[in-house]
Structures are given as structure tokens and as C-alpha cells.
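Just so you know, these numbers come straight off a predicted model, no measurement behind them.
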Amino acid sequence: MKLLIYIAFVFAISIVSCTKNVNDQQPNIPIIPIDTTVIGSVIGRLQVKWQVVSITQKERNGPGVFQYIGSPSDYMHFGRDSIYTFVQGIQDDVKYHILSDSSTFVFGNGSSPKPSDTLFIRTLTDHILVFDGVTDAGDIGIVSLKR
């Protein structure tokens with residue numbers, strides 16, 4: 001069993017039964033381009049502790065859109081090569097690295113040298129981080145964080 005499918009979806013799956021979005025539509029999140037000229041700029045902005053605003057999952061073959069609204073104690077802390085998380089009372093960490101395009105995360109599951117999952121940065125400022133991806137099952141996940 002994988003340590004986690006990928007960081008956002010692990011949390012989304014663990015809280016799927018908590019809340020359901022009544023409008024059954026994928027959330028509309030604006031995309032703000034990130035500065036991809038220097039990967040160091042991206043890494044410098046990422047490597048801080050972020051508060052979880054929301055984690056959203058749209059199931060491909062399921063009943064709809066599920067959303068978890070973060071509590072004040074929920075966070076994701078991006079370290080040099082690991083992301084340390086605390087969401088809904090569950091603590092975890094996962095190895096990651098950023099590809100040369102400066103907007104793609106690749107995660108490993110710890111027991112395998114191969115990357116297990118990929119997420120894409122959609123918004124990155126000094127105060128906002130939004131990333132998303134699609135699971136093997138086709139579920140769409142969006143994670144919104146703030147500082």
C-alpha cells in the first residue's frame with residue numbers, strides 16, 4: 001500500500017464524508033501565473049509553513065464534489081525535500097521535488113525511488129498557494145493554502 005496517493009488526495013479522501021458541496025460543480029479557482037524564470041524563487045516561496053484553506057475533491061465516478069475547510073491548526077510545511085502536514089488531526093510527511101519547469105511537484109512514497117504522484121502549482125504568491133492534480137482513478141483534487 002502506498003504511503004499516500006498524493007498529499008492532497010490523502011487528506012481529501014480521509015475527510016470525504018465530512019462535507020459535500022451542494023452545487024455539485026467543480027470549484028472555479030482563478031489561475032495566477034507563477035514566476036518560472038528562476039526555480040530558486042519558487043522554492044524560496046514554497047519552503048514555509050502554510051495554513052490549509054481548503055481541500056476539494058471532484059470524483060470522476062462518484063456522487064460529486066467534496067470539500068474540506070481547513071481549521072486553524074491544519075498546515076502543510078514545505079521543507080527542503082519533504083512536506084510535513086497536519087490536517088484534521090493527522091500528521092504525515094512525504095518526500096517531494098520540483099521539476100525544472102518550476103510548477104510541477106513530484107512525490108515519492110518513501111519506499112520506492114520512482115515518483116508516485118504529480119501535482120501542478122496553479123497559484124503561488126507570498127501569501128497564497130494553490131495546486132491541483134488528477135489521481136489514477138480520475139478524481140480531481142485542488143488544495144488551497146495561505147500564509
Side-chain angles (χ1 to χ4, degrees), residues 1-32 34 39 41-99 101-147:
M1 182 185 217
K2 287 184 180 180
L3 175 62
L4 52 105
I5 294 177
Y6 69 81
I7 201 162
F9 295 140
V10 166
F11 302 125
I13 289 168
S14 71
I15 56 155
V16 155
S17 62
C18 296
T19 350
K20 183 172 181 179
N21 191 347
V22 293
N23 64 11
D24 199 30
Q25 295 180 7
Q26 184 174 351
N28 185 13
I29 296 177
I31 296 175
I32 301 170
I34 63 171
I39 195 167
S41 171
V42 172
I43 291 171
R45 284 184 172 164
L46 280 177
Q47 291 183 349
V48 296
K49 188 173 183 178
W50 296 88
Q51 182 180 359
V52 175
V53 174
S54 67
I55 300 171
T56 305
Q57 178 183 6
K58 176 154 178 51
E59 294 180 330
R60 187 179 90 177
N61 296 317
V65 176
F66 299 92
Q67 185 170 41
Y68 171 73
I69 303 301
S71 75
S73 62
D74 294 339
Y75 68 84
M76 294 184 183
H77 185 185
F78 288 76
R80 192 174 60 84
D81 61 358
S82 294
I83 301 171
Y84 306 94
T85 62
F86 185 83
V87 175
Q88 202 176 26
I90 300 171
Q91 189 171 358
D92 203 356
D93 65 90
V94 64
K95 298 286 185 191
Y96 83 100
H97 69 273
I98 298 174
L99 299 183
D101 69 359
S102 300
S103 63
T104 306
F105 293 95
V106 178
F107 294 91
N109 65 13
S111 62
S112 170
K114 290 184 173 182
S116 59
D117 297 295
T118 305
L119 291 170
F120 305 96
I121 300 170
R122 300 301 182 196
T123 304
L124 177 60
T125 69
D126 289 338
H127 303 285
I128 298 171
L129 171 58
V130 177
F131 54 91
D132 64 15
V134 179
T135 66
D136 291 338
D139 296 344
I140 299 169
I142 302 168
V143 177
S144 299
L145 308 171
K146 69 179 182 177
R147 290 197 326 180

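Two residues are said to be in side-chain contact when any heavy atoms from C-beta on lie closer than 4.5 Å; Gln51 and Lys146 meet this criterion. Side-chain contact check for Val52 versus Phe86: every heavy-atom pair is 4.5 Å or farther apart. At a threshold of 4.5 Å between non-hydrogen side-chain atoms, the residues Leu46 and Ile98 count as touching.
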**OP:** Please report the C-alpha distance between Tyr96 and Leu119 in whole Å, then the side-chain angles of each, then the deciding distance to 0.1 Å, and finally whether the side-chain contact (heavy atoms from CB on, under 4.5 Å) criterion is met.
**Re:** CA-CA 10 Å; Tyr96 83 100; Leu119 291 170; over 6 Å; no
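For the residue pair Tyr75 and Gln91, the shortest heavy atom distance occurs at OH-NE2, 4.5 Å. Across Arg147 and Lys49, no two heavy atoms sit closer than the pair CG-O, 4.0 Å. The two atoms that bring Ile69 and Ser54 nearest to each other are CD1-CB, 4.1 Å, heavy atoms only.
Rounding to the nearest 0.5 Å gives a distance of 8.0 Å between OG of Ser144 and CD of Gln67. With rounding to the nearest 0.5 Å, the separation of CG in Asp126 from CZ in Arg45 is 5.0 Å. One finds the NE2 atom of His97 at 9.5 Å from the OG1 atom of Thr104 (value rounded to the nearest 0.5 Å). Atom-to-atom distance recorded for Gln88:CD and Ile55:CD1 is 9.0 Å, nearest 0.5 angstrom. Going from atom CG of Asp132 over to atom OG1 of Thr56 covers 10.5 Å, rounded to the nearest 0.5 Å. Asp139 contributes atom CG, which lies 9.5 Å from atom CZ of Phe66 (distance to the nearest 0.5 angstrom).
Screening Leu129, Ile83, Val143 for a side chain to side chain contact (heavy atoms under 4.5 Å, CB included) involving Trp50 leaves a single residue, Leu129.
For Asp81, the side chain to side chain contact (heavy atoms under 4.5 Å, CB included) criterion is met by Lys95, not counting sequence neighbours.
Between Phe105 and Phe78, the two ring planes are tilted [angle within 30° to 60°].
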